[in-house]
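Everything on this sheet refers to the single structure shown next.
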Number of protein chains: 2
Amino acid sequence: MISSRQPDPTTGSPAPPHAAPPSAPPPGPTPRGAAFLLAQIGAHAAGRFAERVGELGLTPADVGLLRMIAGQPGRSQRSLAQDLGVVPSRIVALIDGLEGKGLVERRRSAEDRRNHELHLTDEGRRTLGAVSGAAAAHEDALLAGLDPAQRAQLLELLERVAAEQELTPGVHPGYRTLNKPPRGRG
Amino acid sequence: MISSRQPDPTTGSPAPPHAAPPSAPPPGPTPRGAAFLLAQIGAHAAGRFAERVGELGLTPADVGLLRMIAGQPGRSQRSLAQDLGVVPSRIVALIDGLEGKGLVERRRSAEDRRNHELHLTDEGRRTLGAVSGAAAAHEDALLAGLDPAQRAQLLELLERVAAEQELTPGVHPGYRTLNKPPRGRG
DNA sequence: TATTGTTATACTCTATAACTATA
DNA sequence: TATAGTTATAGAGTATAACAATA
């Protein structure tokens, strides 16, 4: 709600390194709990990930779509929209973009000619491979402050929280305006 | 970029309990690392927090502003905008809202009559107290799956990550469209 | 002339609804 | 008549730029 890459009054956490951060914590009562840190770090992680895939010419939303198509080739736009909880018209624009980049192919279904079956192109598969590399680098950079044992510990705790909160594995709510990755260090 | 409260292709994490979640994980390669979980849980936490303060008639951005004004009463809108990395005109609308609710007061500065000194009203202080209560309940609900020792462990690991990533304590990047809390269970 | 707060304008993004083609 | 995909329209939100008051 506030700016594109600046700190946010909501939680009050720091700006990502690529922005010009206020560097000094705001005076007064600053939130200190794990919930705040999770929101803060989570937003930071999402932003950094957006930067990385941005260098591949993709938005986080693009990545999600590519993954879903890869996992279930030939699926229709409708089913995609449903799984994502998105309005079908939204899918049109997203697929348009991916098709324009040569990563995805629309094929008229022979069984029901109203349907478009979605498939990755070879280029799409290559790109998805590059995304995996970016994701690994992202993970490593984010957890640079932790040793392997601590990383395992963190992962376990997070999985516990996610399970208790009934978060569906692999589905990320709200990426609102993250789609436009900041030009920061890309 | 996708929907208001539905799962997101970006990371692919689950929808919050108040939405109608796809409940089944998408087939194919789902991200499993700590970075993804942090983004997923972070977005979930931010959404739930927005719901809670929404019941108090506030957006997360409102809460951030109230905190900053409480921490440094009398500060100008300009300084607020700078600390938040927000354009000054944005502050106008936010303060308008808070003033309209009777939580904040604008006072012309005697020293420099161009400035508006911002102060909390008594009602504003009461509301901020209620926010603290909501934040505590939020924290507790979010970590319901962890025992006290695990919570302490998680907190320490998160602080380590935040420090290494140079996240400014108390400042949260990007709350994009979170300002409108879902009407879900409020 | 520079600065604070404000207002007006333009732009971006998304959802809703209307439309075409298939069934 | 119902459904898949598409296009057109409208609404919400934000930043940019112009403006008035004060310094």
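Here is how names work: the chains are called A, B, and so on, in the same order as the sequence lines, proteins then strands, and each is numbered from 1. What you see is a predicted model, and the numbers here were worked out from it, not measured in a lab.
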>> Just to verify, what does A:Pro88 make a side chain to side chain contact (heavy atoms under 4.5 Å, CB included) with, not counting sequence neighbours?
In response: A:Arg78, A:Ala81
> So what does the secondary structure string of DNA chain D come out as, 5' to 3', with Watson-Crick or wobble pairs under 3.5 angstrom, [ ] for crossing and | for pairs with another strand?
Replying inline: |||||||||||||||||||||||
> Which pairs count as salt bridge (Lys or Arg N to Asp or Glu O under 4.0 Å) when at least one residue sits in residues 139-150 of chain A, sequence neighbours excluded?
Replying inline: A:Asp140-A:Arg151
> With sequence neighbours left out, what residues match B:Arg160 under side-chain hydrogen bond (donor to acceptor under 3.5 Å, both in side chains)?
Replying inline: B:Glu156
> Toward the 5' end of DNA chain D, which comes first, A:Pro88 or B:Ser89, by nearest nucleotide?
Replying inline: A:Pro88
>> Could you work out, with side chain to side chain contact (heavy atoms under 4.5 Å, CB included) as the rule, every residue matching B:Ser79, not counting sequence neighbours?
In response: B:Arg75, B:Ser76
> What does nucleotides 18-23 of chain C look like as a protein-contact string, B for base, S for sugar-phosphate only, - for none, at under 4.0 angstrom between heavy atoms?
Replying inline: ---BBS
> Quick one: side-chain hydrogen bond (donor to acceptor under 3.5 Å, both in side chains) partners of B:Glu105, sequence neighbours excluded?
Replying inline: B:Arg107
>> Taking 4.0 Å as the cut-off, does a side-chain nitrogen or oxygen of B:Asn115 come that near to OP1 or OP2 on C:dG5?
In response: yes
> Quick one: A:Leu118 CG to D:dT6 P, roughly how many Å, whole number?
Replying inline: 9 Å
> Under the ring pair (Phe, Tyr, Trp, His ring centres under 6.0 Å) test, which residues partner A:His116, sequence neighbours left out?
Replying inline: none
>> Check this one for me: any side-chain N or O of A:Arg78 less than 4.0 Å away from OP1 or OP2 of D:dT6?
In response: no
> Does A:Glu164 have any side chain to side chain contact (heavy atoms under 4.5 Å, CB included) partners at least two apart in sequence or in another chain, and if so, which?
Replying inline: B:Ala144
> Between B:Arg90 (CZ) and C:dA8 (P), how many Å, whole number?
Replying inline: 17 Å
